[in-house]
Structures are given as C-alpha cells and as structure tokens.
Amino acid sequence: MKSQTRLAWFLARRYLLASRGGGRLLSFITWVALGGVIVGVTALVVVIGVMTGMQNELRAKILGSTPHFLVQQSGSSLRLDDWEGVVERVRGVADVVSAAPVAFTRVALVRVRQEYAEVLNLFGVDLGAEGLPVTSMEDSLRGGYLSLEREPDGLTPLVVGTGIARRMNLLEGDTVRVVSLENTRVSPNGDVVPRTEDWVVSGIFSTGMYEYDLHNGYAAMGDVQDLLDLESGTVSWIGGRVRDPWMAPEVAGSVSTALGGWPYIVDPWTQTNRQLFSALKLEKLAMGVIVSLIVLVAAFNIVSTLVMVVVNRTREIGILKAMGLTRRDTLRVFVFQGLWVGVIGTLAGLALGLILAVLIERYGLIPIPPDIYFVDRLPVSLSPWDILWISGVSFLISLLATIYPARQASGLVPVEAIRHE
C-alpha cells in the first residue's frame with residue numbers, strides 16, 4: 001500500500017510540475033490554479049475576519065454602555081416604582097452579578113448664548129449603588145474617572161460624549177442649558193413651557209461608538225429625577241449584569257419569574273440589539289458565500305489542469321496501466337494532483353490572510369466613516385472555527401474538482417490509450 005501511494009504521489013508531481021515540451025503549459029496552468037486557491041482563501045480569511053471583528057467590536061462597545069438585561073414596568077410612561085424592592089429581588093437571582101436603577105429621559109441641549117441645540121439621551125446613574133457596576137460607563141462614573149460631583153451652590157454636573165462635544169464645541173467647565181422634553185407645564189395663556197435648567201459640563205467621555213459619543217450623556221440619578229419631578233423611589237428601569245453575557249436570555253427568564261411576571265418586562269441585550277446583530281450575521285454569511293466563489297473559480301482551473309493532463313498524457317497513462325497500474329492507482333494519482341493544489345494553496349492563503357489580518361488590525365490600515373459603521377477603522381478578529389471551516393471548504397472544493405478528471409483517466413482502456421495521437 002505504501003509503495004502504491006508513493007508511486008501515485010511521484011506520478012502526480014511529475015505530471016503537475018513537468019517543465020519540458022507540452023508540460024510547460026500544464027505547469028503554467030497549475031500555478032494559475034494554485035494562485036486562484038491562494039487568492040480565494042486569503043480573501044476569505046480577511047473578509048470573515050473583518051465581519052467577525054465588526055461583530056465583536058460592536059458587541060464589546062454596546063455592552064460597555066448597555067446592561068446585559070433591562071427590567072421595565074409596563075405602563076403608559078417609562079417609569080418603574082419601588083426600585084429598591086425590585087433591585088433586591090433581581091440581585092437574588094442566580095448568575096446575576098449586579099443590578100442598579102437608571103433614570104432616563106431625552107433632553108434638548110443648548111449652549112448658553114447660542115441658538116444651536118442637540119437632542120441628548122440623558123442617563124441618571126446611582127453613584128451610591130452597592131456592589132459591582134452594571135456597565136463600564138457606570139464604573140467610570142462611580143469611580144470618579146468622570147466626575148459628577150456637585151460643587152456647593154454650583155450648577156448640576158453633566159458628562160457628555162466626544163461626538164456632541166465636538167459638534168457643539170463644548171469643553172469641560174462650559175455651561176449648557178438642559179431643556180426637558182417630558183416635564184412640561186402649561187402657562188396661563190395656554191402655551192406649553194418646558195422645564196429648563198443650566199448645567200455644567202464636568203467631563204467628556206469616548207466609548208469609540210459613534211452613536212453613543214454623539215447622543216449619550218450622564219448625570220447623577222437624583223439630578224435627573226429632579227429634572228423630571230420624580231419621587232426618589234421612581235426610576236425608568238433597572239439594569240442588570242450577568243456572569244456570562246451569552247447567558248442573558250436564560251437569566252432574563254429567571255429574573256422575570258422572580259419578579260412574578262407582569263407588570264415587569266425583562267429584555268436581554270440580545271433582544272434589544274437583535275436587528276443589528278442579525279443584519280451583521282446575514283452580511284457575514286453573504287460575504288462568505290460570495291468570496292467562496294473565488295475558490296470555486298480556482299476549482300475550475302484545477303479541473304481544466306487535470307483534464308489537460310489526461311489529454312496530454314493519455315499514452316503514458318495507457319502504458320502505465322498496461323504495466324500494471326490499477327484503476328484505483330490511477331484515481332489516486334489525479335486525486336493527489338488536486339489535493340496538492342488545494343493543500344498548498346490553502347496553507348499559503350491562510351498564512352497570507354493571517355498576515356494581512358494582523359497588519360489591518362494592528363495598524364488600522366483601512367479607516368471607515370464612523371457615522372455609518374459605528375467604528376472608525378476596520379477591526380479584524382478570527383476564531384479557530386473560522387479558520388477550520390475556511391480550510392475545510394477549500395479542501396473540499398479542491399477534492400471535488402478531481403472527481404471528473406480522475407474518473408476519465410481511470411476509465412481509459414490501455415490499448416486505445418496507447419494508440420492515442
């Protein structure tokens with residue numbers, strides 16, 4: 001068996017790498033087929049790495065500012081009563097690491113003595129909450145990295161993102177006018193008058209997520225409650241953090257059970273962001289299929305190469321079969337030829353793709369508009385599973401490409417093959 005395998009491998013190399021006479025054309029076509037596999041695998045590695053990197057980058061940035069699950073109370077307004085009792089029950093659920101209240105509203109932010117305004121998503125954070133922070137942003141606020149400490153007789157402090165700070169030309173210490181879009185009153189003459197307060201920018205943050213840096217702002221929970229005229233026991237929702245973010249759907253179900261179901265609604269982060277990640281998953285699949293066509297084209301080159309080998313070496317194959325080369329040995333010769341192209345092309349493509357992926361990730365070679373793609377550069381991340389299926393697809397396509405030429409060669413009748421001109 002070993003001698004037959006060595007003979008088949010020797011013949012496969014001889015036919016593919018022939019350098020004299022008509023074999024020069026075969027050798028050239030072989031290198032073209034090999035190059036096609038290399039280009040296809042390289043493109044697959046880079047494209048799948050970029051799509052996976054986008055998913056991971058978005059997930060990390062979303063979870064940096066978003067709880068793993070939200071507990072809301074059903075009703076006509078975004079209000080949750082008796083938040084301390086709810087937090088107590090949520091923290092008692094297995095795998096829940098922490099839970100904290102959030103007061104949320106949308107406000108118009110106006111720089112004093114200017115007419116330009118921006119709509120801001122204002123989050124009120126409980127700076128005195130016990131236990132671990134729910135998000136990394138809450139960690140920065142509670143730890144003092146972004147200050148929300150109010151000076152005696154001073155203005156209410158507000159932390160905003162770099163996006164809105166750049167757009168409104170804001171610096172730390174600037175005074176802004178906060179216009180509540182919820183807490184309004186009607187004047188004696190029937191005009192709707194919103195509540196307005198002057199606050200001070202006490203810090204500027206950057207999450208790397210364009211939408212968050214442009215539209216999010218943070219203040220102490222008590223200040224947001226005062227702005228909305230809410231009682232101390234009323235907030236907008238409860239945010240929770242679990243041990244493993246992928247366990248959020250199961251833990252959310254346990255939290256809902258612990259709260260007794262209605263009127264409480266518990267949504268995991270996979271639910272609140274499902275449209276975004278579903279679109280990315282579909283895009284990754286579509287790009288993988290499209291780029292795989294490059295490898296498929298290379299497979300046609302492999303087929304054409306092997307067919308030309310059969311045509312060009314018909315007499316030699318006939319002589320070898322007359323000398324005792326079996327049908328199985330002939331099949332093995334041409335399968336080895338296709339696998340040689342597939343294995344070498346796949347390994348070279350993987351190496352080149354990984355090098356390009358590392359360069360793109362480390363040096364940020366491809367910048368992209370953050371207002372469209374949420375990030376400012378192409379992130380690249382590859383998992384062992386991605387490498388495995390890319391290699392498998394390339395090997396499989398190369399193997400399938402050998403079937404027709406191998407069957408044609410193995411089916412040659414020795415006498416007719418020797419007479420072939």
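Residue numbers run from 1 in the order of the sequence given. Please read these numbers as outputs of a predicted model, since none were measured by experiment.
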### Task
Report the C-alpha separation of L109 and L158 in whole Å, then their side-chain angles, then the decisive distance to 0.1 Å, and conclude whether the side-chain contact (heavy atoms from CB on, under 4.5 Å) test is met.
CA-CA 11 Å; L109 197 65; L158 170 68; 3.9 Å; yes
### Task
Please lay out, stage by stage, how V251 and V96 fare under the test side-chain contact (heavy atoms from CB on, under 4.5 Å).
CA-CA 7 Å; V251 176; V96 173; 3.6 Å; yes
### Message
Pair V125, M221 - check side-chain contact (heavy atoms from CB on, under 4.5 Å), show working.
### Response
CA-CA 5 Å; V125 178; M221 188 175 72; 5.8 Å; no
### Task
Apply side-chain contact (heavy atoms from CB on, under 4.5 Å) to the pair D174 and M168, showing each step before the final yes or no.
CA-CA 11 Å; D174 286 346; M168 298 186 68; over 6 Å; no
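The CD1 atom of I387 sits 4.5 Å away from atom CG of L382, with the distance rounded to the nearest 0.5 Å. In this structure, E88 CD and I238 CD1 are separated by 11.5 Å, a value rounded to the nearest 0.5 Å. Atoms OG1 and CZ, on T156 and R150 in that order, are 3.5 Å from each other to the nearest 0.5 Å. With rounding to the nearest 0.5 Å, the separation of CG in L181 from CZ in R106 is 9.0 Å. Residue D81 holds its CG atom at 9.5 Å from CG of L230, rounded to the nearest 0.5 Å. Taken from NE2 in H68 to CG in L63, the straight-line distance is 4.5 Å, to the nearest 0.5 Å.
A donor-acceptor contact shorter than 3.5 Å links the side chain of S202 to the backbone of S147. S256 places no side-chain N or O within 3.5 Å of a backbone atom of A252 that could act as its donor or acceptor partner. Between the side chain of E361 and the main chain of S381, no donor-acceptor pair closer than 3.5 Å is present. A donor-acceptor pair under 3.5 Å links the side-chain atoms of S398 to the main chain of S394, judged by distance alone. Under a 3.5 Å cut-off, the side chain of R167 and the backbone N or O of L214 do not form any donor-acceptor pair. E138 places no side-chain N or O within donor-acceptor distance of the main-chain N or O of P133, the cut-off being under 3.5 Å. With hydrogens and angles ignored, the 3.5 Å screen pairs no side-chain donor or acceptor of R195 with any backbone N or O of D229. With hydrogens and angles disregarded, a donor-acceptor distance shorter than 3.5 Å links the side chain of W83 to the backbone of S232. A donor-acceptor contact shorter than 3.5 Å links the side chain of D213 to the backbone of T207.
Taking all atoms of both residues into account, the shortest heavy-atom contact from A219 to L148 is C-CD1, 3.6 Å. The minimum heavy-atom distance linking L228 with S180 is given by the pair CD2-OG, 4.0 Å. Considering every non-hydrogen atom in both L127 and R142, the closest pair reads O-CG, 3.8 Å. When all heavy atoms of P157 and D223 are compared, the pair lying nearest together is CD-OD2, 4.2 Å. The minimum heavy-atom distance linking Q225 with T234 is given by the pair NE2-O, 2.9 Å. Across I204 and A165, no two heavy atoms sit closer than the pair CD1-CB, 3.9 Å.
For residues 244-265, the ring-ring contact (aromatic ring centres under 6.0 Å, His included) pairs, not counting sequence neighbours, are W246-W269.
With L120 as the fixed residue, the side-chain contact (heavy atoms from CB on, under 4.5 Å) test singles out one of N216, V179, V107: V107.
Residues passing the side-chain hydrogen bond (donor to acceptor under 3.5 Å, both in side chains) test with S383, sequence neighbours excluded: D386. Partners of Y145 according to the ring pair (Phe, Tyr, Trp, His ring centres under 6.0 Å) rule, which considers only residues two or more places apart in sequence or in another chain, do not exist here. For W199, there are no ring pair (Phe, Tyr, Trp, His ring centres under 6.0 Å) partners two or more places apart in sequence or in a different chain. Remark: F205 engages Y218 in a ring pair (Phe, Tyr, Trp, His ring centres under 6.0 Å) (not counting sequence neighbours).
Looking at heavy atoms from C-beta onward, L122 lies in side-chain contact with L227 at the 4.5 angstrom threshold. Considering only heavy atoms from C-beta on, S391 comes within 4.5 Å of T346 through its side chain. Taking the side chain as every heavy atom from C-beta outward, M54 and P379 approach each other to under 4.5 Å. Contact of the I62 side chain with the Y212 side chain is registered, since non-hydrogen atoms from C-beta on lie closer than 4.5 Å.
Looking at E182 and R79, a side-chain N of the basic residue comes within less than 4.0 Å of a carboxylate O on the acidic one, giving a salt bridge.
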Pairs of donor and acceptor atoms involving the side chains of residues 347-354, under 3.5 Å and at least two apart or interchain, shall be tabulated with distances.
none

